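A short write-up of the structure that comes next.
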Number of protein chains: 2
Amino acid sequence: MTNDRHRDLTRALNPKSIVVVGSKKADAYMWLRNYATFTAGPLYSVQIDPNEIPGIEAMGVTNFTSLMDVPGDVDYVMLAVPRPVAARVLADCAKKGVGGVALFTSGFAETGEDEGIKLQEQLLQIARDGNVTLIGPNCMGLYNRRLGIRQSAEQGHGEAGDVGFISQSGTHAINFGLVGEQHGVRVSTSVSIGNCIVLDVPDYIDYLADDPETKVIAMYIEGVKDGPRFVRSLRRAASMKPVVVWKGGVTDAGARATASHTGSLATSQAVFSAIVRQAGALQADSLEDTIDVVKALLYASPSSGGPLAATGRGMGLMAMTGGQSVVITDAFVNAGLDVPRLSDASYAELKSFFNIVGGSYQNPLDMGGTIGFGGSAGTLARLFGILDADANIDAVAMEMASGFLARMWAANPASLDGLLDTLAAHRDASPKPFVAVLQPQHVEDVVHQARMRVQERGIAVFASFDRAARALARAIDYHRFRAGLD
Amino acid sequence: MTNDRHRDLTRALNPKSIVVVGSKKADAYMWLRNYATFTAGPLYSVQIDPNEIPGIEAMGVTNFTSLMDVPGDVDYVMLAVPRPVAARVLADCAKKGVGGVALFTSGFAETGEDEGIKLQEQLLQIARDGNVTLIGPNCMGLYNRRLGIRQSAEQGHGEAGDVGFISQSGTHAINFGLVGEQHGVRVSTSVSIGNCIVLDVPDYIDYLADDPETKVIAMYIEGVKDGPRFVRSLRRAASMKPVVVWKGGVTDAGARATASHTGSLATSQAVFSAIVRQAGALQADSLEDTIDVVKALLYASPSSGGPLAATGRGMGLMAMTGGQSVVITDAFVNAGLDVPRLSDASYAELKSFFNIVGGSYQNPLDMGGTIGFGGSAGTLARLFGILDADANIDAVAMEMASGFLARMWAANPASLDGLLDTLAAHRDASPKPFVAVLQPQHVEDVVHQARMRVQERGIAVFASFDRAARALARAIDYHRFRAGLD
């Protein structure tokens, strides 16, 4: 990225003044509502329709009938005007010298129709001639949690997050913010980038790679215009922080859908996978999967340990019944991790207190006969200690049996805290990554609340063994890549 | 299965009298509580410990100090005694001529220890000599929903279900009942079969194949003793009704875990997969996946259509945004289904009213610009009609966008009913299978409630595109197998 582009994007994505052009009653003044939480500077409206202006002013927003009338510098413009006038207002943006423009308006090349393609060419010309930092068109623009600039009024705001997100889908951008928040994954800067006619994916990757607030980068992309440049940006970013890539349109029919969506061209999935892997980035295949990987990267890694601790693949597994011991083992092995036998010292210690009837401690540890949640925090801590000391074990995964948990919580809410204290103490003290699994089972509503409590302690908790296993495996892959292994 | 075995199992699994041996305060009289909903005949207790008897009698259950003292015929015994006395009480069961015995007690061959192996041999000898229909040991026995005989007091009872379940894990048996119920999947007869020292998997398959209450058979198995017999039973059952097989211990380490769990020997996963496929059964890889496939088999198939309608693979896909259109397409293609272009007639009709700006109707139909939930039931019905009439389309999948749904429901709960009426009317009238997707997203608690409402209408609704796609693909596979295709 040139220094100019970086400077322009920094200004546009961290604005001190915002103008929304074209806010209207039909969508309940969506953009003004999305930005109502922006307090770092003025928020203005530009709207020429006299029928719309009273509603805008009723929201406490000052309206102008031309962008040229807006006082002072404008760092960020959300352009939500009808398609036929988009080019004219974009020309105003150029004249005004605004920091950046996010163009919400759709109906351009993604329609596949001549009219839309022609109009998009026109936008490109204006943006180039006027040196406009143009995000989109056909996009939901910026989500900056700290600044309260949102893609949806449901998204959170306030404290800065630490995950950057780049998305060729507005829906996925909004949902990454909304769903991520439910999983302890909060956004630093997220950009819905739409058709990418001026700024392309690598521009945003470069920006987030250099952004000190962003610890992990994730993205949903359907296609890139300049392959080699994408690879360079991806490789550079992945050498600085973990990068997770979710590619949409991996099948032929899916690629046909991306053409209708953002006008992106298809790339063979095999080629794309190879590119991502060689760049040291990680792949994901759905919103949930992307959030899972980010969660593992943020929370499973030991808070105090060095990189070496997180590069081994030997899992210590803990389940509450025999059936789940089998399933958790299959899940982690299928994800490419190992479930080795423990050391002789571990077996000797386990033998001294483990109840072999109705249980087993081969690894997995089938703890059902040995601990029940609630009264056995000491025994659980002892099991953690044994796995911590075992040189065959590099990371630990534990089933938090939903049914047990729900009954325990119903009977004595405080006892859940005791369990969480034990898990949090292990996570804080151990150099080995730790993940918990809390499956929805038949107590989905309770589990949802319980998961929030687990997350508040900074524990990486997943909705199934498979999801935990696949997420942790990729987090470990990242640390192995950084350590020059594989 | 011999006629004798079938007769014995029919008696044991449909008992008119039950005895629990060894119920105790330490587990809160678990088995008596599990069977408290059994009302088809007497429920007795056998317990010799005088300290336990008052608690048993306080539950309104008559206790005897010997099985031989129990009056009348005994069809089903749950044996939950300490390991050292299991053999002696089993001998009593033989003497009494009981219908069947489920042996909850564990600590036999699955421990891998000499003592346990020896005790198991002893049980086998007694059962053989006395011709005892022995379920287990190391099992949770029977769940018969209609008779109120349960593996856990949380399981439902009352109306008969229509799905049979066979499980080498007690946990998975319990959870199939509990979680299945949350997904409209209700059990006819479920048996937790444990170490299978007398009755083996094929016995239970044969029974469920012949059981008129059971429409679909599902199972969790870790290993079988007699491979050829298993294949014969599986093939016979699959020729009569759909059979779903979830195999645990598919990895080497997982197989080690099964050895500790039920003493099962490993079978190569590739061999096992080939066996299941050739028998015409369907594979699943987790509890959720098993429930998903059963759900698709029960609810996605047209209520009125013939088998031919459910054997085509051409999907008509409906999503609410461009980003989701891409993802739903990838999901269904990855599951082995097709997403063809529509017929010219369909495109002509769609063109007459579909909003191409912010939408697309190539297939997938990106409906965001054309319908919003709530006020557009007529438009939605029209889209269904177009897909119904299109010869390229064999089945339909639709995104029920969680965020839209949650907002709509919050604003006007009755409007959800209008939407559900439209879906149910389509499902009832169309000969083409239909599945809906309602992803948890950021509104997990609302979605959980909404899903229940959708299910009540008999609509197959799934938690993600991938799950819907994989489940439907296997349901179609089954109908293709039955039709002699592939």
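Order of the sequence lines sets the chain letters (A, B, ...), proteins ahead of strands, with each chain counted from 1. Everything numeric in this text was worked out from a predicted model, so none of it was measured.
- The shortest side-chain heavy-atom distance between A:Q441 and B:L178 does not fall under the 4.5 Å cut-off.
- If you measure heavy-atom distances from A:F465 to chain B, you find no contacts under 4.5 Å at all.
- Contact annotation for B:L287: only side-chain heavy atoms (C-beta onward) come within less than 4.5 Å of a heavy atom of chain A.
- Side chain of A:H172 to backbone of B:G323: a donor-acceptor contact under 3.5 angstrom is found.
- With a 4.5 angstrom heavy-atom cutoff, A:Q168 does not touch chain B via any of its atoms.
- The shortest side-chain heavy-atom distance between A:E222 and B:V326 falls under the 4.5 Å cut-off.
- The part of A:Q439 that comes within reach of chain B is its side chain, from C-beta onward, which places non-hydrogen atoms under 4.5 angstrom from that chain.
- Side-chain contact check for A:H442 and B:E181: no donor-acceptor pair (N or O, by modelled atom type) lies under 3.5 Å.
- Looking at B:Q449 and A:D445, their side chains never come closer than 4.5 Å, going by heavy atoms from C-beta outward.
- Counting heavy atoms of neighbouring residues, nucleotides and ligands inside a 6.0 Å radius, atom CG of A:D252 does not exceed 12 of them.
- Neither the backbone nor the side chain of A:P440 comes within contact range of chain B, judged by heavy atoms closer than 4.5 Å.
- Listed by sequence position, B:S106, B:G107, B:T111 are the residues of residues 104-112 of chain B in contact with chain A, using a 4.5 angstrom heavy-atom cutoff.
- For B:D366, no part sits under 4.5 Å from any heavy atom of chain A, backbone or side chain.
- The heavy-atom pair separating B:A253 from A:V333 by the smallest distance is CB-CG2, 3.8 Å.
- Taking OG from B:S464 and CG from A:D289, the interatomic distance works out to 11.0 Å, rounded to the nearest 0.5 Å.
- Note that CD of B:Q269 and CG of A:N334 are 8.0 Å apart. Values are rounded to the nearest 0.5 Å.
- Of the possible polar contacts, none joining the B:R256 side chain to the A:Q362 backbone as a donor-acceptor pair under 3.5 Å is found.
- Contact detail for B:S325 and A:A257: the closest heavy-atom pair is O-CB, 4.1 Å.
- A:D330 places a side-chain N or O within 3.5 Å of a backbone atom of B:G249 that can act as its donor or acceptor partner.
- The contact between A:T251 and chain B is made by backbone and side chain atoms together, counting heavy-atom distances below 4.5 Å.
- For a residue to count as touching a neighbouring chain, one of its non-hydrogen atoms must lie under 4.5 Å from one of that chain's; by this rule A:Q182 touches chain B with the side chain only.
- With a 4.5 angstrom heavy-atom cutoff, B:R83 touches chain A only via side-chain atoms.
- Looking at A:I291, there are no atoms closer than 4.5 Å to chain B (heavy atoms on both sides), in backbone or side chain.
- The candidate with the highest count of non-hydrogen atom pairs below 4.5 Å against chain B, out of A:E288, A:R407, A:Q324, A:E113, is A:Q324.
- Under the 4.5 Å side-chain criterion, counting only non-hydrogen atoms from C-beta, A:R451 is in contact with B:E444.
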